[in-house]
Asker: 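Take a look at the following structure, please.
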Amino acid sequence: MSVPKSVVKINKNGVQYTSSVDRVSYTIRELTRAALRDVGRFVSRTCNSTAMQLPGLKKSRRVRGKSSAFQFWVRKQEADLQVGIRHGTWYGTDQELGSKNQPKRGILRNAVYNNIRQIIEIESQYLSALENEAAALAKISEEEYQGGGDD
């Protein structure tokens, strides 16, 4: 069978969930690939919108569409997600890792670390085991969290 249709729409206002997936009709591998595809779309769009805020790239076609610097790949055999920067984009690699002429900005890293809750919520639309974790994360507020469980 093929991968299920996307249940997530990503626009300027954020992420909208259009429907739910009939989990019985698909195998776990197909559901996993569909969840990874939507997460990849979300992360790459977040990175590209952050890159568009940089000086000189607001109207550039280099950070939009299929030729954008931040792209994702969902591999079939390994069933994993790779989000990365296209080879040869100076504004991507130099500003992600830093160089002699550019400060380290960490666009890709920050896009993932700042949106972990959103990523789990997108994946929970496909995978029922993550629904409980997404509900638990929604109940925890950042102000109340004390941390330091090892102390």
Side-chain angles (χ1 to χ4, degrees), residues 1-54 57 60-89 91-98 104-150:
M1 253 188 130
S2 64
V3 176
K5 288 187 174 184
S6 178
V7 298
V8 175
K9 285 192 176 183
I10 303 169
N11 55 20
K12 293 179 182 177
N13 299 332
V15 177
Q16 294 177 341
Y17 302 104
T18 56
S19 64
S20 61
V21 176
D22 183 18
R23 296 180 182 131
V24 178
S25 302
Y26 299 99
T27 64
I28 192 72
R29 172 171 259 173
E30 293 163 348
L31 291 171
T32 303
R33 287 190 58 222
L36 292 174
R37 178 195 60 211
D38 284 348
V39 168
R41 280 182 38 214
F42 173 72
V43 170
S44 64
R45 282 194 183 191
T46 305
C47 291
N48 285 326
S49 66
T50 305
M52 281 191 270
Q53 303 301 320
L54 298 174
L57 294 176
S60 176
R61 291 188 334 198
R62 293 179 287 178
V63 293
R64 295 182 182 178
K66 294 191 183 286
S67 63
S68 64
F70 299 95
Q71 295 181 341
F72 68 96
W73 301 270
V74 179
R75 299 192 299 182
K76 290 180 184 177
Q77 190 69 24
E78 294 84 1
D80 65 350
L81 172 68
Q82 293 182 344
V83 181
I85 303 168
R86 268 181 65 181
H87 177 70
T89 54
Y91 54 90
T93 53
D94 284 355
Q95 293 180 0
E96 179 70 26
L97 303 173
K104 179 181 177 181
R105 291 196 170 97
I107 297 171
L108 180 60
R109 182 184 186 280
N110 292 336
V112 173
Y113 277 92
N114 294 338
N115 294 306
I116 289 177
R117 287 184 185 212
Q118 189 69 40
I119 290 170
I120 291 174
E121 193 172 320
I122 290 171
E123 287 181 346
S124 70
Q125 297 295 316
Y126 294 95
L127 305 168
S128 61
L130 290 172
E131 282 183 291
N132 298 335
E133 186 175 342
L137 280 174
K139 292 179 182 176
I140 299 173
S141 68
E142 293 294 326
E143 294 82 28
E144 295 176 4
Y145 182 69
Q146 297 294 324
D150 295 337

Asker: Show the nearest heavy-atom pair for residues A79 and L36, with the distance to one decimal.
Answerer: O-CD1, 3.6 Å
Asker: CZ of R45 to OG1 of T50: how many Å apart, nearest 0.5 Å?
Answerer: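 Reported to 0.5 Å precision, the distance equals 13.5 Å.
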Asker: Could you report the tightest heavy-atom contact between F72 and S44, atom names first, then the distance?
Answerer: CD2-OG, 3.6 Å
Asker: Going from CZ on R105 to CD on Q53, what distance comes out if it is rounded to the nearest 0.5 angstrom?
Answerer: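 If I round to the nearest 0.5 Å, the distance is 12.0 Å.
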Asker: Given side chains that start at C-beta, do those of Y126 and D38 come closer than 4.5 Å, heavy atoms only?
Answerer: yes
Asker: Does some side-chain heavy atom of T46 sit less than 4.5 Å from a side-chain heavy atom of V112?
Answerer: no
Asker: I need the R29 CZ to Q77 CD distance, nearest 0.5 Å.
Answerer: 6.5 Å
Asker: I would like to know whether W73 and L81 meet side chain to side chain contact (heavy atoms under 4.5 Å, CB included); could you show each step before the answer?
Answerer: CA-CA 6 Å; W73 301 270; L81 172 68; over 6 Å; no
Asker: For side chain to side chain contact (heavy atoms under 4.5 Å, CB included), just list the numbers for V83 and L108, CA-CA rounded to whole Å, side-chain angles, deciding distance to a tenth of an Å, and then say yes or no.
Answerer: CA-CA 8 Å; V83 181; L108 180 60; 3.5 Å; yes
Asker: Closest approach of V39 and I119, non-hydrogen atoms and distance?
Answerer: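 Scanning both residues, the minimum pair turns out to be CG1-CG2, 3.8 Å.
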Asker: Please name the pair of heavy atoms, one in E96 and one in I107, separated by the smallest distance, quoted to 0.1 Å.
Answerer: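 Closest approach of E96 to I107, heavy atoms only: OE1-N, 2.8 Å.
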Asker: Please round to the nearest 0.5 Å and tell me the distance separating atom CZ of R117 and atom CD1 of I122.
Answerer: 14.5 Å
Asker: Could you tell me the separation between the CG atom of N48 and the CD atom of Q71, rounded to the nearest 0.5 Å?
Answerer: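 Reported to 0.5 Å precision, the distance equals 8.5 Å.
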